Each structure stands twice: as C-alpha cells, then as structure tokens.
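Comments concern the structure below.
As the structure is a computational prediction, the values presented were derived from the model and not from experiment.
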Amino acid sequence: MTFKQRIRHIVKWIRQYATKNKISTLVVGISGGIDSSVVSALCAETGLKTIVVQMPIRQNRKLDNRSSMQAAWLLERYKNVTHMSMDLTPVFTAFEKKLEPVCRDSDSITLGYANSRARLRMMTLYQIAQSHGGIVVGTGNRVEDFGVGFFTKYGDGGVDISPIGDCMKTTVWNMGREFGLPQEIIDAEPTDGLWDDGRTDEGQLGMTYPELEQAMWLDESGDQSVTSTEKANLKKYRAIRARNLHKMEPIPVCRIPE
C-alpha cells in the first residue's frame, strides 16, 4: 500500500466510523509533532467538522510555534477546521500548588507531574468533544501504543479512536511528506512535550524510532539471525516493553468464584 493509499484508507475508516456512530465532530490535540499533525490532517480530509486544540503547559516555545504552524496550515486548506488555543499553565500550576504538601521532590513525583499534564489535556479534549457532540481522536502510533507503551495511561492514551495505531513512526513521517506538511514539523526531533527541559523521545527511551521498529519486528517475528547491535537493541526494547505492559493490557479484574 502506498502512503497515498494508506491516507485514503484511514480517512475512509474515520468517516465510516463517524457515520455509523452518528458522530458530527472530531477533536484532536495538536502539539507540533508529526503524529498529531498527520492525524489532524487525516481528520480534516474527512470533511467532518474538525476541532484542533493547542494546550500549552509551560510549553517550549519551539513546540508551541510548530503547533501554531500546523493549525495555520490546516486553516489555510480546510474550511471544516476550527482552531482553539488554551493555555493550561495556570490550571496546572494551581494543581501543582495544591499537591505540594503531599508530593515531595523526587524523580517519581516529577514523572507524575509530567503524566498529569497529559491527563489535564485529555480532560480538556473530552470536555470540548462532549460540548460539540464529538469524539477525541488519538494520535499514538503503533510502536508507541503497542510496542513500548510510550504514552500516559489515561492521558494521551485516553481516546475514542486510533487512526494511526497500526502505523509505524517512519510510516507517519512519510504520510506527513505525502500531505506536504511544513518541513519544520517533519524534521523536528520527536518529543512528548511533557517536560520543562524539552527532553526528546530518544533521550527518554534510549533508542531511535528506526531502532525501536526493527526491534519490535524482531520481537514479533522471532527472527534469530541478528547482529550484536540488533540483539542489544532487542534487549532494550523488551525491557522497555516489560515495564510498560500494564498500559497495553486490560485492567486486571478480581473474579469472584461462583
């Protein structure tokens, strides 16, 4: 399947889902990254009312500029797109201040606050979606959502549909090129945008996306003919996946015997 055909397939799938479930509006959070940029373009292509939402929280200026760039790109091309920009920094700061007495500084607390940013954005998207008779459209790709679990549980993992959930990151980049997205967005180093220091995905994961994708393929295919480098990456991949499996598996339920 070519990238153009893939785009058409996904657009048709979104439209059919919306029609079947009587959905009138698609809501997408845009961050300036390739995933949300491609998903917002896919939604816009459906012809359905599409609301794209910027939700900066102490945002790195480059990221915020790129999300504004994506919004402008969409508005120039699609009449069915509406743009909202909501600075959630004051809300997050109030939340952080409220929890100060019980949350002391530590690496786990810092990670907790990073995840809280994602959950605050999720709540915002659902409030907007419910107010407009819409659904929240996910922006996670296959390697993040089903490989290493690189997402926030009940944050960016809290969505109604996942249009690119079966697309590798490199495929998403190529779809972005097919759309003609701004080169700055395509070339940008991937980041989840949840940290004040602007840390990248590669910095957090310790692997590039091509390395992750290759390791994911090796893990799923059971191929044993790998180089020492590939073996090392496969070991890293499995370690990341193991600690994040709880995000990708159903919630454990205590079953009561009859």
Check whether any side-chain N or O of D160 sits under 3.5 Å from a backbone N or O of V136 as a donor-acceptor pair, and report yes or no.
yes
So, does R15 use its side chain to make a donor-acceptor pair with the main chain of T46 at under 3.5 Å?
yes
What are the two closest heavy atoms between Q54 and S68, and how far apart are they?
NE2-OG, 3.1 Å
Between T50 (side chain) and C43 (backbone), is there a donor-acceptor pair under 3.5 Å?
yes
Is it true that the NZ or CZ of R58 lies under 6.0 Å from the centre of F92's six-membered ring and within 45 degrees of the ring axis?
no
So which heavy atom on R121 is nearest to which on I57, and how close?
NH2-N, 3.6 Å
For the residue pair W73 and Y78, does the interplanar ring angle fall in the parallel (under 30°), tilted (30 to 60°) or perpendicular (over 60°) class?
tilted
Distance-only side-chain donor-acceptor flag, Y209 / E202, under 3.5 Å
no
Indicate whether the side chain of N115 and that of T152 have a donor and an acceptor atom separated by less than 3.5 Å.
yes
Criterion side-chain contact (heavy atoms from CB on, under 4.5 Å) on R6 and I10, from CA distance to verdict
CA-CA 6 Å; R6 187 179 290 263; I10 296 172; 4.0 Å; yes
Given 3.5 Å as the limit, does a donor-acceptor pair link the side chain of T124 with the main chain of L120, or not?
yes
Give a yes-or-no answer on whether the side chains of N233 and E230 include a donor-acceptor pair shorter than 3.5 Å.
no
Polar side chain donor-acceptor pair, D87 to Q59, under 3.5 angstrom
no
Min side-chain heavy-atom separation R8-E45 under 4.5 Å:
no
Under 3.5 Å side-chain donor-acceptor pair for S36 and Q70
no
